[in-house]
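Reviewing the structure listed below.
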Amino acid sequence: MQVIITVIGTDKVGIIAQVTTKLATLDVNIQDVSQTIMQGAFTMMLAAQLPPQADFSEVKAALQGLGDQIGVEIRVTRQEIFDAMHKL
């Protein structure tokens with residue numbers, strides 16, 4: 001399953017490391033990533049592939065829990081839902 005993961009929050013050391021480490025432990029493959037910092041605000045968007053056996057709800061909950069721990073908002077959206085929401 002293809003997903004889009006967004007991470008937004010105040011910039012601090014280790015956000016990328018913690019998010020990507022969590023994705024690795026969940027066996028999620030990062031296919032593309034973009035990140036930027038604007039006036040202290042950190043934003044990152046990742047396109048990723050969940051493994052076939054992954055439960056979307058569990059992956060989403062694990063990443064949201066990590067976001068709570070490190071003080072950022074992490075959203076996980078199925079690729080097809082993301083595409084439908086952003087079509088003009």
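Being a predicted model, the structure only gives us computed values, none of them experimental. Just the heavy atoms: all of them, side chains too, but no hydrogens, waters or symmetry mates, feed the values below. For the single chain, residues carry numbers from 1 onward in sequence order.
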I'd like to check [X] versus [Y] (side-chain heavy atoms, cut-off strictly below 4.5 Å). Are they in contact?
X: Ile5; Y: Ile30; value: no
X: Phe42; Y: Thr10; value: no
X: Ile15; Y: Lys12; value: yes
X: Val72; Y: Leu66; value: no

Residue list, salt bridge (charged side-chain N to carboxylate O under 4.0 Å, His left out) with Arg75, at least two apart or on another chain: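 By the salt bridge (charged side-chain N to carboxylate O under 4.0 Å, His left out) rule, Arg75 matches Glu73.
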
Run through Val7, Asp68, Leu23 and flag the one making a side chain to side chain contact (heavy atoms under 4.5 Å, CB included) with Leu63.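 Checked Val7, Asp68, Leu23 against Leu63; only one passes side chain to side chain contact (heavy atoms under 4.5 Å, CB included): Leu23.
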
Val19/Thr21 under side chain to side chain contact (heavy atoms under 4.5 Å, CB included): CA gap, chis, key distance, verdict: CA-CA 5 Å; Val19 171; Thr21 297; over 6 Å; no

Mind running side chain to side chain contact (heavy atoms under 4.5 Å, CB included) on Val33 and Met45 for me, showing each step along the way? CA-CA 6 Å; Val33 61; Met45 182 176 278; over 6 Å; no

Could you list all the side-chain hydrogen bond (donor to acceptor under 3.5 Å, both in side chains) pairs where at least one residue sits in residues 29-46, not counting sequence neighbours?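 For residues 29-46, and leaving out neighbouring residues, the side-chain hydrogen bond (donor to acceptor under 3.5 Å, both in side chains) pairs sorted by first residue read Gln2-Gln31.
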
Using every non-hydrogen atom in the two residues, find where Phe56 and Val3 come nearest and quote the distance to one decimal.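 Distance-wise, the nearest heavy atoms are CE1-CG1, 3.9 Å.
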
Determine, stepwise, if the pair Leu46 / Ile4 fulfils side chain to side chain contact (heavy atoms under 4.5 Å, CB included). CA-CA 6 Å; Leu46 302 103; Ile4 300 295; over 6 Å; no

Could I get the full list of side chain to side chain contact (heavy atoms under 4.5 Å, CB included) partners for Ala54, not counting sequence neighbours?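 If we apply the side chain to side chain contact (heavy atoms under 4.5 Å, CB included) test to Ala54, skipping adjacent residues, the hits are Leu50, Pro51, Val59.
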
Stepwise side chain to side chain contact (heavy atoms under 4.5 Å, CB included) test for Ile8 and Ile74: CA-CA 7 Å; Ile8 300 171; Ile74 300 177; over 6 Å; no

